[in-house]
Every structure is written in C-alpha cells, then in structure tokens.
Student: 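Got a structure for you, written out below as structure tokens; questions coming shortly.
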Amino acid sequence: MYALIDGNNFYVACERAFRPSLKGRPVIVLSNNDGCAISRSNEAKALGVAMGAPWHLVRQKLPDAGIVALSANFTLYGDMSSRLMSIAAGMGPEQEIYSIDECFIGLAGVRGDLVDRAQRLRERILQWIGIPCGIGLGATKTLAKLANHIAKSADRKPGSYPPELARVCNLAALTPADLDAVLSATDVGAVWGVGPRNAEKLRALGVATVADLVRMDPVVARMRFSVMLERTVRELQGMACIPFEDAPASKKEIACTRSFGRAVTELAPLVEAVSEFAMRAAEKLRRQNSVAAQVLTFVHTSPHKTGPQYSRAVTMPLRRPTADSAQLVNAAIRGLRAIYRPGYKMAKAGVMLLDLQPENVGQAELELGEDEPDRGNLMTTIDRLNQRYGKGTLVLASAGMAGDKRVWSMRQELRTPQYTTCWEDVPLALA
DNA sequence: TCTGGGGTCCTAGGACCC
DNA sequence: TCTGGGGTCCTAGGACCC
C-alpha cells in the first residue's frame with residue numbers, strides 16, 4: 001500500500017499561512033516575470049482562471065473580481081516544502097519526495113486503520129504549518145495518485161464524489177461496486193501518466209473513464225500507445241510497475257533558463273545573463289557531486305510577438321568533464337557567441353549542462369600539459385560563502401555587477417517577504 | 001507592457017560498424 | 001537474375017509530469 005500526500009494549491013497555501021487575510025479570497029501565484037498563473041486558490045479556480053493563464057489577460061478579463069496576484073517566492077515555498085516533508089514522513093517507513101508539494105509514503109508494515117492515521121496526519125500538517133493537504137491511499141503509486149485526485153475533488157466540488165472520500169480517500173477500502181462507481185465518474189485524463197494527447201486518443205477509442213481504462217488489455221495499450229500506457233493500465237489493475245525511489249536519483253541534465261523582463265538585443269547583456277545561468281547550473285551540479293561533459297546554450301525571440309523570429313541552440317563539448325564554474329561559463333559564452341545574431345529581440349536564454357557523470361569516476365588520460373588548473377577547493381569555498389552569506393556574495397564578474405538593475409532581470413513586482421529564511425523578514429509577534 | 005522553469009522517458013530514423 | 005543479418009549510438013521529436 002502507498003499513500004500520496006500533497007499540499008492543496010501549494011504556493012497559494014504557503015502565502016496564506018503568513019497572510020491569513022488572503023483566506024477566502026481568489027489568490028493566484030504568478031510564474032517568473034509575473035507571466036502566468038502557476039498556483040490558484042479554489043476561489044480563483046471557481047472564477048475560471050486556468051492553470052498557466054497569462055496574468056495580463058486574466059486582469060483584463062476580470063478587472064473587478066478582486067483577484068490577488070503574487071510573484072512567485074520560491075525561497076519560501078522550498079522552505080515550507082521541507083517542513084511539510086518532515087511531518088509527512090511520519091505516515092510510514094518509506095518516503096519518496098516526488099515534487100515540491102507531494103510525496104509518496106510506503107506503508108508496508110504499518111498497522112491499524114490507515115484512513116484514521118492519514119486523517120490525523122493531515123490535521124497535524126494543517127496545525128503545525130497551516131498547509132491543507134489531500135491524502136490518497138492505494139495499492140500502487142498510480143492508484144494512490146488517483147485516490148489523492150478524488151480526495152481533493154470531493155473536497156473542492158461537493159457532489160462530485162461521496163463526501164466521505166473528501167480530503168482522505170482509500171481506494172483499497174471500497175467495495176467493488178463503490179469502486180466501479182467512483183472510477184466510472186472519473187475522466188480518463190485524471191490518471192497519472194495520461195496526458196491531454198493520449199486522453200483524446202483514448203476517448204476516440206471509446207475509453208472515456210478510468211473504469212474503461214482499467215478494463216483495457218495491457219497488451220493493446222502497448223501496441224496502440226506505448227509501454228508507458230501499458231504500465232499505467234497494469235498499475236490501475238493493482239500490479240506495481242513503477243519503482244519506489246526512496247533516495248533521489250542524481251539528475252542527468254541540469255538547466256538554468258529564464259525569460260527576460262524585457263527584450264534584449266545587444267550581445268553584452270546576453271553574455272551577462274548566460275554567465276549567470278551557467279554559474280547557477282554549475283552550483284546545482286556541484287551540489288550533486290557531478291561533472292558535466294557538454295554545455296548547451298540557447299537564445300530565442302518571443303513566439304508570442306510579431307517580427308523576425310530567431311531560435312538557436314548549440315552544444316559545446318568540454319575537453320574533459322568539469323564542475324568548475326569558470327570553465328562552464330566559458331563554454332556557455334563561446335556557445336552564445338556562435339549563435340548570437342544582432343538585430344533580434346531575444347526574449348529568453350538558457351544554459352543546460354549535459355552528459356553528467358559522478359565526479360569521482362573520471363576517465364584517466366595522459367597529462368598533456370596546458371590543462372586548466374583543478375580548482376575544486378576554490379569552487380567549494382565559493383559555494384560555502386554563498387550559502388553562508390547569501391546568494392550572489394561571490395560571483396564571476398562576467399555575470400555583471402549591477403544586480404537587479406541589469407536590463408534582462410525578470411520582473412517580480414508582487415513578491416512577498418521571505419518569512420522563514422531571512423532574518424529581516426521573519427514576522428514579529430506583538431504581545 | 002504583458003504568455004514559466006525544470007525535468008524524464010520512449011520512439012523512430014539515420015549513420016555507422018562488422 | 002541476383003544484393004544479409006545483427007547490432008550500437010546519436011538525434012530529434014513527442015508525450016508526460018509538477
């Protein structure tokens with residue numbers, strides 16, 4: 001048995017935990033650049049604000065709805081996430097942290113009434129950190145995900161499911177008849193692993209609900225779709241096919257990409273931006289003790305604008321894999337110079353580190369001289385100083401020194417304080 | 001003025017090898 | 001008249017996830 005625990009409307013919930021006046025109001029959290037909605041309160045969903053809806057269109061369409069929009073505060077969400085995960089770990093012996101706001105719990109050996117246990121855990125999370133959660137229980141990860149979906153829907157849309165399934169739902173505890181009723185009332189697109197494309201294709205084949213998908217022959221699923229869908233069907237039928245990952249696997253590629261606050265045409269600010277992205281990516285790379293053998297750099301104009309479009313990417317191989325910021329930044333800038341064309345209004349750029357390998361499994365080679373010096377200690381020291389004294393304490397000068405005044409910086413006009421990670425922002429309790 | 005960022009896996013086709 | 005079999009690696013594109 002597995003549980004899936006996840007925070008409802010997580011980013012909005014984090015904001016509400018520190019600003020209770022936001023409760024009951026339509027609230028949305030915006031993507032970088034205050035671009036589109038990436039988290040919506042139930043009230044905002046009820047107003048019809050879609051996931052990913054551009055904020056400027058929402059504002060234009062619903063000027064009087066009283067929507068509160070906030071810039072994303074990922075520092076806050078990351079910290080709230082680790083608090084959520086430590087409490088959620090109490091549900092069972094194994095935990096797989098699946099995303100910033102959800103984790104699977106392996107329940108092998110847990111005795112007693114699982115629904116009761118889940119309800120008490122949910123109450124604890126709500127009381128300790130103020131985040132409302134939904135908890136789904138099922139025999140496989142896909143079934144636990146589905147149960148979680150039902151728990152949240154029953155909570156948000158009364159009448160969609162029997163009320164006793166709201167907030168905590170254990171699919172394994174239903175009678176076959178009740179289970180069939182619930183699965184027949186659930187759209188096939190709600191299943192984990194069935195995206196919009198495959199949902200459409202399935203409906204065309206007469207597979208419209210989860211109940212239909214459960215009855216599908218896995219062999220047919222494989223032939224007409226892929227092994228992915230076959231696995232999903234088998235999981236729905238109760239056969240565990242998706243391994244439980246209790247230790248996070250190291251990344252196979254690491255990216256840092258950003259849309260700019262305003263279009264950038266000149267080379268110089270692009271060099272700054274790409275330097276910074278490569279530095280950030282290099283930090284993440286060192287955090288997982290890996291080295292990269294290739295660096296990909298890309299720039300492109302905005303596909304939403306008229307005018308000449310340009311989009312190119314280039315991969316630069318490194319002579320030997322490295323985690324040294326200076327070498328990675330160098331490669332990224334060489335890539336940028338190779339693909340840069342003057343005259344285009346670039347909207348976005350990014351750097352990806354590819355072909356990652358563990359730092360201690362290097363390929364031995366002849367020393368040919370003229371090597372870049374090994375600066376592992378320097379990098380470790382820079383990372384420690386930045387961790388201790390804050391991001392940006394030590395940077396490579398090619399990333400520019402003007403801080404937020406850089407022309408390419410993203411817009412974040414509606415950001416809330418870093419309540420839990422910055423001394424100046426810690427809320428005061430007045431006696 | 002204005003549309004995010006960061007990942008994973010699968011598949012098909014081409015190049016290449018013996 | 002007639003032209004094999006078996007395999008790997010790489011890349012691009014698609015689909016999915018949050």
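Values in this document were obtained by computation on a predicted structure and should not be read as measured data. Lettering follows sequence order; numbering is per chain, from 1.
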Student: Out of B:dC10, C:dC18, B:dT3, which nucleotide sits closest to the side chain of A:H56?
Tutor: B:dT3

Student: Is the distance from OP1 or OP2 of B:dT1 to the nearest side-chain N or O of A:K305 less than 4.0 Å?
Tutor: no

Student: Rounding to a whole Å, what distance do you find between A:F298:CZ and B:dG4:P?
Tutor: 12 Å

Student: So what does A:V58 hit on the nucleic acid, given a heavy-atom distance under 4.0 Å: a base, only sugar-phosphate, or nothing?
Tutor: nothing

Student: Could you state the atom-to-atom distance from CD of A:Q294 to C1' of C:dC10 in whole Å?
Tutor: 11 Å

Student: Indicate yes or no for a side-chain donor-acceptor contact from A:D212 to the backbone of A:A208 under 3.5 Å, with no hydrogens or angles considered.
Tutor: yes

Student: Between the side chain of A:N170 and the main-chain N/O of A:V115, is any donor-acceptor distance below 3.5 Å?
Tutor: no

Student: Could you state the atom-to-atom distance from CD of A:Q412 to P of B:dT1 in whole Å?
Tutor: 22 Å

Student: Please report, rounded to the nearest Å, how far the P atom of B:dC2 is from the CD1 atom of A:I28.
Tutor: 18 Å

Student: Please work out if A:N198 contacts a base, only the sugar-phosphate, or nothing of the nucleic acid, heavy-atom cut-off 4.0 Å.
Tutor: sugar-phosphate

Student: Heavy atoms under 4.0 Å, any strand shown: does A:P303 hit a base, just sugar-phosphate, or nothing?
Tutor: nothing

Student: At 4.0 Å (heavy atoms only), tell me whether A:W192 reaches a base, stays on the sugar-phosphate, or touches nothing.
Tutor: sugar-phosphate

Student: In whole angstroms, how far is the P atom of B:dT3 from the CE atom of A:M51?
Tutor: 17 Å

Student: What closest approach, in Å, do A:A313 and A:L296 show between heavy atoms, and which atom pair accounts for it?
Tutor: CB-CD2, 4.3 Å

Student: Of the nucleotides B:dC2, C:dC18, B:dC10, which has the atom closest to the A:R59 side chain?
Tutor: B:dC2

Student: State whether the side chain of A:S86 and the backbone N or O of A:S82 hold a donor-acceptor pair below 3.5 Å, judged by distance alone.
Tutor: yes

Student: Please determine whether a side-chain nitrogen of the Lys or Arg among A:R203 and A:D187 lies less than 4.0 Å from a carboxylate oxygen of the Asp or Glu.
Tutor: yes

Student: Could you check whether any side-chain N or O of A:K284 sits under 3.5 Å from a backbone N or O of A:A255, counting only pairs where one atom can act as donor and the other as acceptor?
Tutor: yes

Student: Nearest to the side chain of A:H304, heavy atoms from C-beta on, is which of B:dT3, C:dC17, B:dC9?
Tutor: B:dT3

Student: Figure out the CZ/C1' separation between A:R411 and B:dT1, and round it to whole Å.
Tutor: 7 Å

Student: Once rounded to the nearest 0.5 Å, what's the spacing between atom CD1 of A:I242 and atom OG1 of A:T142?
Tutor: 3.5 Å

Student: Can you tell me how far the CZ atom of A:R224 sits from the CG atom of A:L205, to the nearest 0.5 Å?
Tutor: 5.0 Å

Student: So A:R40 and A:N9, do their side chains get closer than 4.5 Å, heavy atoms only?
Tutor: no

Student: Only Watson-Crick and G-U wobble pairs, only distances under 3.5 Å, only runs of 3 or more: what stems does that leave for DNA chain B?
Tutor: B:5-18 with C:5-18

Student: State whether the side chain of A:T140 and the backbone N or O of A:A240 hold a donor-acceptor pair below 3.5 Å, judged by distance alone.
Tutor: no

Student: Any N/O pairs under 3.5 Å between the protein and nucleotides 5-8 of chain B? List them or say none.
Tutor:
residue	atom	partner	partner atom	Å
B:dG5	OP1	A:S259	N	2.6
B:dG5	OP2	A:S259	N	3.3
B:dG5	OP2	A:S259	OG	2.9
B:dG5	OP2	A:K348	NZ	3.1
B:dG5	O3'	A:R258	NH1	3.2
B:dG6	OP1	A:R258	NH1	3.1
B:dG6	OP2	A:T257	N	2.5
B:dG6	OP2	A:T257	O	3.0
B:dG6	OP2	A:T257	OG1	2.5
B:dG7	OP2	A:A255	N	2.6
B:dT8	OP1	A:K252	N	3.0

Student: In whole Å, I'd like the distance from the CZ atom of A:R224 to the C1' atom of B:dC10.
Tutor: 19 Å

